[in-house]
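Presented below is the structure to which this report refers.
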There are 2 protein chains.
Amino acid sequence: MKFTGLSAFPLTPLFDDHVDEQAFTRLVQRLAAAGVDSITALGSTGSYAYLSTEERSRVAKLAVEHAGDTPVVIGIGALRTSQVLAHADAAEAAGASGLLLAPVSYQPLTDEDVFELFRTVTEHSNLPVIVYDNPGTTHFTFSHDLYERLGALPGIASIKIPAVPADSAAAREHVQAIRARLPEHVSIGVSGDASAANGLNTGCDAWYSVIGGTLPEPALAITRAAQRGRAADAMAESERLAPIWELFAELGGSNRVVAAIAEHLGLARRSCLPLPILGLNDADRARVAAALERIGVSERSTS
Amino acid sequence: MKFTGLSAFPLTPLFDDHVDEQAFTRLVQRLAAAGVDSITALGSTGSYAYLSTEERSRVAKLAVEHAGDTPVVIGIGALRTSQVLAHADAAEAAGASGLLLAPVSYQPLTDEDVFELFRTVTEHSNLPVIVYDNPGTTHFTFSHDLYERLGALPGIASIKIPAVPADSAAAREHVQAIRARLPEHVSIGVSGDASAANGLNTGCDAWYSVIGGTLPEPALAITRAAQRGRAADAMAESERLAPIWELFAELGGSNRVVAAIAEHLGLARRSCLPLPILGLNDADRARVAAALERIGVSERSTS
């Protein structure tokens, strides 16, 4: 697979503390039908960190089975290296096309710890690996030096970077500085959905997208515009989604909001996130519903 | 059990990615023989977050079996509430006297999430629960309002607070402010070993101690001095351990240092922490050995 374009991150909805396989399958099928470039199951949005090895193995299989020709990437992060390797094996057995690996931490990790983790995984697995730089959840901060060391490892295919600066010149400089550290074949993917249009317009090859896992059409509109050099159209489409980005910023990140979106649209049942995460309260759910109305997404449009 | 005095946190040493049961058993036996007030197995120092449910259940059993009359507390934290409840059940089945629960997070948690987690656990389990406030690893910050709500739950026995201020008047004010929020029966235990003498001298009832899990004698000397009102002696004994506290501060926390201490003393085999945590490099291990020499701890003295 190519690690470019739109990689859509579906939720792994739970119901009564079990994976809601029907809801997950439907999300994957919708993404494949929408024409996303890849599906990354068991990303942060997919609650990988909360699921057992057995649940993760099952979700990986379901994702590949229902994605059709769309390549599937599987998140394999865990606190312990041996657990990560077990997840990598399960993903490979399921038929995944790539692996997403975040340096999840409880005790803070050093650069050497993280380098050795990625070295071990890339030596162990035949699948290409995306380096998942997500300091908001892993509490590990990558330096450009570490990007460079990791990018030189055979088996590293892409780096998923956090949000780029809002200013487009600053974003371009930021992306170029990372690009200069990486071999040609290692792609750079932006995350932080609100900054995705800017990231794609300023040199990122991919968008690792939370919203794309639940609302693939607007995410594809942004991605395709940017890929075709229509930077202003990409920015305009992103601007149209501002009510969603505002909720991400105001309600503590994308996770609870996107779960509430899926629940509102009937794509997941109420309380689809793993406890202790309660999800949004009713007042905030009303804001989500209003935002969806403003951007023209209704229950009907997703069926 | 009373949630006061010295609670010693042993490592759960690994060897070749398996729990080194012999080394763990020996650590527990040493703590019981030294006369600590309680043993908290599977704390942060005990790598609870990295171990499987089966490993944790086995470690809980070993701790209770080998602690003699010393009460054993078991850390039950996990990312998902259902996992926490399973760990609570296993701890109770093992014969534990109490539970230690940290609000471990991947997605950031809200106060409501954390309150409901503790409410669920205290309703579910018969064992008293210590609230584990460890923002360095959980990335959750407790407010005094949340302490108050949690302290009012039947089943909450103690709050393990982070390091107190270095200034003793400020520390006293800090501890009193927390005390004012809690019922009489809820104890306050200090962590952050370097601030323990100050914490005990300024109103904390307990010390939840990393160093006490590997070097119980000096930790007991501090604790007993403070309990008997000999504040200056407690401070002097803590000052004597300054070479250790300096390493904790300079080498990224207590975890790697205390593992290196145990390895140096023959209490655990090399690389006893779970990978990807590599542990200290040789230069830093030499500093650990020198610090131990300065405080008069040798391999022989631990045998």
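In this text, all values refer to a predicted model and were calculated from it rather than measured experimentally. Atom set for the values below is all heavy atoms of this structure, side chains included, hydrogens, waters and symmetry mates excluded. To find a chain, count down the sequence lines: A is the first, B the second, and so on, and within it residues start at 1.
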Using 0.5 Å steps for rounding, measure from the [atom1] atom of [X] to the [atom2] atom of [Y].
X	Y	atom1	atom2	result
B/Thr138	A/His139	OG1	NE2	8.5 Å
B/Leu117	A/Ile277	CG	CD1	11.0 Å
B/Leu278	A/Glu112	CG	CD	7.0 Å

Quiz item: Quick one: what part of B/Leu14 sits under 4.5 Å from any heavy atom of chain A, side chain, backbone, both or neither?
Solution: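 Contact with chain A is through the side chain of B/Leu14 alone.
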If you take all heavy atoms of A/Pro276 and B/Thr81, which pair is closest and at what distance?
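It is N-OG1, 3.0 Å.
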Could you tell me which non-hydrogen atom of B/Asp17 sits nearest to which non-hydrogen atom of A/Ser82, and how far apart they are?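 Heavy atoms only, the tightest pair is OD2-OG, 2.7 Å.
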- request: Check whether any side-chain N or O of A/Arg80 sits under 3.5 Å from a backbone N or O of B/Tyr50 as a donor-acceptor pair, and report yes or no.
  value: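 It does hold such a pair.
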Checking [X] against chain B: side chain, backbone, both or neither under 4.5 Å from a heavy atom?
X	answer
A/Leu273	neither
A/Glu116	side chain
A/Tyr48	side chain

Note to self: Shorter than 4.5 Å, heavy atoms on both sides: which option in B/Leu109, B/Asp113, B/Thr110 has the most such pairs with chain A?
What the structure shows: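 Most heavy-atom pairs under 4.5 Å with chain A: B/Asp113.
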>> If you count heavy atoms of other groups shown closer than 6.0 angstrom to CD of A/Gln22, is the number above 12?
In response: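 Counting neighbours around CD of A/Gln22, 12 or fewer heavy atoms of other residues, nucleotides or ligands fall under 6.0 Å, so no.
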